[in-house]
Amino acid sequence: MQTMKPIRVFLTVVAQGSFAGAARRLRMTPASITRIIAQLEADLGQQLLLRTTRQVSLTGAGAMVAARYRPVIEEFDRVTEEVTRTTRPDRGRLAINAPMSFGMRLMPGLVASFRLAYPNIALDVHLTDALVDILDASCDLAIRISDPPGDKSTIWRRICHVPRQVVAAPALFDRIARPAHPGDLQPDQCLSYGHKGSAEIWTFTRGGMRRTVRAGTDVVSNNGEFLYALALSGNGMVNLPDFLVRDGLDRGTVDIVLPDWQIPPLNLMLYYPPYEKLPPLVETFTEFFEAYIRDLDSFDFGTGG
C-alpha cells in the first residue's frame, strides 16, 4: 500500500494543478509533496513535472505516467473497496434491488431503521418491477416477491409467505353485481398484473375446491401501485399482496372480493449471486431484513421461511 503513495501524490498534483493544492487536498505540507515528487522522479529516472511560480505542467514522461497509472490506481481502489465491503459485517456499501411497490411502501422505513442500527453501511437501492438477472444487475442481493427461481446458479432464501387479496372499491358494485363465486368474475372487470399484455391467472381455493379465472387484458401493468390506484377509483378488481391493500381494507376504501375464497400466497424471497458463502455484509442485511419483516402484519411466517 505504501509504495502507491508517491503515485497517488503525483496524480493529486496533476489533478489540482499545483503542489499547494495537492498539499491541501492530501492534508500534507507543500514541502512533503515536493520531496515525494522529487524522489518519484529519481526512482523513475524521468522528470515528470515542469514547475513555474504559478503552476505545474506535465512533461511527456509525466503525461505517460499519469495516463498509465491513473486507471491502475482507480481499479486498485475499486477492488479494495469491494473486498472491504464484502468482508466486514458493519461497514461498507451494499447494492440492493427491490420491486417498485414493495420498495415504495416498505423500504423507506426499513432503510431508516437499518441505517440507525448500522450507520457505517451505505446503501444503493434500485427499484424495478422488471425481472432481474442477479448476475448482470451489479447488486449484492435482490428482494423479490415470487416463486423460487428456476436458475440453478442463483442462490435464494425464502423469508416468508406474502398473503394476497382480490379487492375492489365498494363503488364498483354500485355498477355491477357483486360476485358470489369465482365463476361470476368477468375478465373485463379484472385488472391484470403482468407484462406485454398477457392476462393474469387468478387461482381461488376453498376447502378442497380449486377454481382458476383468467383476468382481463383491457388494462395490464407490471406495477401494483398503479393497478391499486385504478381499483380505488372503482375501475375494476385487482389481485395484490396484502401489504399493498391492508390500509385500504382497514379504512373501508376497498373490500375483499369473495371473502370465503382464498388466494394462494406468494413468497418473499432474497436472491443472491452464486456466493460460496454469504459475505458478512450481505448476511448482516439478510438478518436485519427478516427481523424487520417479522414485525409487520402483512406477512405470514406461520407457513413460510
Identify the heavy atoms of [X] and [Y] that sit nearest to each other, and give their distance.
X: Gly234; Y: Leu172; value: O-CD1, 3.5 Å
X: Arg144; Y: Ala98; value: NH1-C, 3.3 Å
X: Arg214; Y: Ala199; value: CG-CB, 3.6 Å
X: Ala66; Y: Pro71; value: O-CD, 4.5 Å
X: Asn235; Y: Arg175; value: CA-NH2, 4.5 Å
X: Ile143; Y: Pro99; value: O-CD, 3.0 Å

Who pairs with [X] by salt bridge (Lys or Arg N to Asp or Glu O under 4.0 Å), at least two apart in sequence or on another chain?
X: Arg294; answer: Glu290
X: Glu225; answer: Arg105
X: Asp124; answer: Arg93
X: Arg178; answer: Asp255

Count I, L, V, M, F, W, Y as connected when their side-chain heavy atoms are under 4.5 Å apart, and connections chain through other members. Are [X] and [Y] then in the same cluster?
X: Leu50; Y: Val13; value: no
X: Leu258; Y: Val167; value: no
X: Val166; Y: Phe226; value: no
X: Phe301; Y: Val162; value: yes
X: Ile263; Y: Val238; value: no

Any [X] side-chain heavy atom under 4.5 Å of [Y] side chain:
X: Ile36; Y: Leu40; value: no
X: Phe10; Y: Tyr69; value: no
X: Tyr272; Y: Thr286; value: yes
X: Leu281; Y: Asp140; value: no
X: Leu58; Y: Leu49; value: yes
X: Gln186; Y: Ile176; value: no
X: Val254; Y: Leu249; value: yes
X: Met104; Y: Leu127; value: yes

If the plane angle is over 60° it's perpendicular, under 30° parallel, otherwise tilted; pick one for Phe299 and Phe243.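 Ring orientation of Phe299 relative to Phe243: parallel.
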Show, in sequence, the C-alpha distance, side-chain angles and deciding distance for Ile256 and Trp261, and conclude whether the side chain to side chain contact (heavy atoms under 4.5 Å, CB included) test is met. CA-CA 10 Å; Ile256 296 178; Trp261 292 79; over 6 Å; no
Is it true that a side-chain atom of [X] and a backbone atom of [Y] form a donor plus acceptor pair closer than 3.5 Å?
X: Tyr292; Y: Val111; result: no
X: Asp184; Y: His181; result: yes
X: Thr253; Y: Gly248; result: yes

According to the salt bridge (Lys or Arg N to Asp or Glu O under 4.0 Å) rule, which pairs have a member within residues 38-50, sequence neighbours left out?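 Found Glu41-Arg51.
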Whether over 12 other heavy atoms sit under 6.0 Å from Arg115 CZ: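 Yes - once you tally the heavy atoms of other residues, nucleotides and ligands closer than 6.0 Å, there are more than 12.
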Any chance CG of Asp297 has more than 12 other-residue heavy atoms, nucleotides or ligands included, within less than 6.0 Å?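 It does not: Asp297 CG has 12 such atoms or fewer within range.
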How many angstroms lie between atom [atom1] of [X] and atom [atom2] of [Y], to the nearest 0.5 angstrom?
X: Asn267; Y: Arg158; atom1: CG; atom2: CZ; answer: 5.0 Å
X: Leu26; Y: Ser32; atom1: CG; atom2: OG; answer: 10.5 Å
X: Met209; Y: Gln262; atom1: CE; atom2: CD; answer: 10.0 Å
X: Asn97; Y: Cys139; atom1: CG; atom2: SG; answer: 5.0 Å
X: Ile159; Y: Met269; atom1: CD1; atom2: CE; answer: 8.5 Å
X: Met64; Y: Leu48; atom1: CE; atom2: CG; answer: 9.0 Å

Side-chain H-bond candidate by donor/acceptor type, Ser101 with Tyr228, under 3.5 Å: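 Side-chain D/A pair, Ser101 to Tyr228: absent.
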Under a 3.5 Å threshold, yes or no: a donor from one side chain and an acceptor from the other, between Asn223 and Ser221?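 Side chains of Asn223 and Ser221: no pair found under 3.5 Å.
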Let me check something: any side-chain donor-acceptor pairs from residues 200-207 under 3.5 Å, sequence neighbours excluded? List them with distances.
from   : atom 1 : to     : atom 2 : distance (Å)
Glu200 : OE1    : Tyr193 : N      : 2.9
Glu200 : OE1    : Trp202 : NE1    : 3.0

Let's go through Tyr275 and Glu283 carefully: what are the C-alpha distance in whole Å and the side-chain angles of both, what is the deciding distance for side chain to side chain contact (heavy atoms under 4.5 Å, CB included) to 0.1 Å, and is it a yes or a no? CA-CA 11 Å; Tyr275 302 122; Glu283 185 65 34; over 6 Å; no
Could you please spell out the steps behind the side chain to side chain contact (heavy atoms under 4.5 Å, CB included) verdict for Thr12 and Val9? CA-CA 5 Å; Thr12 304; Val9 170; 5.7 Å; no
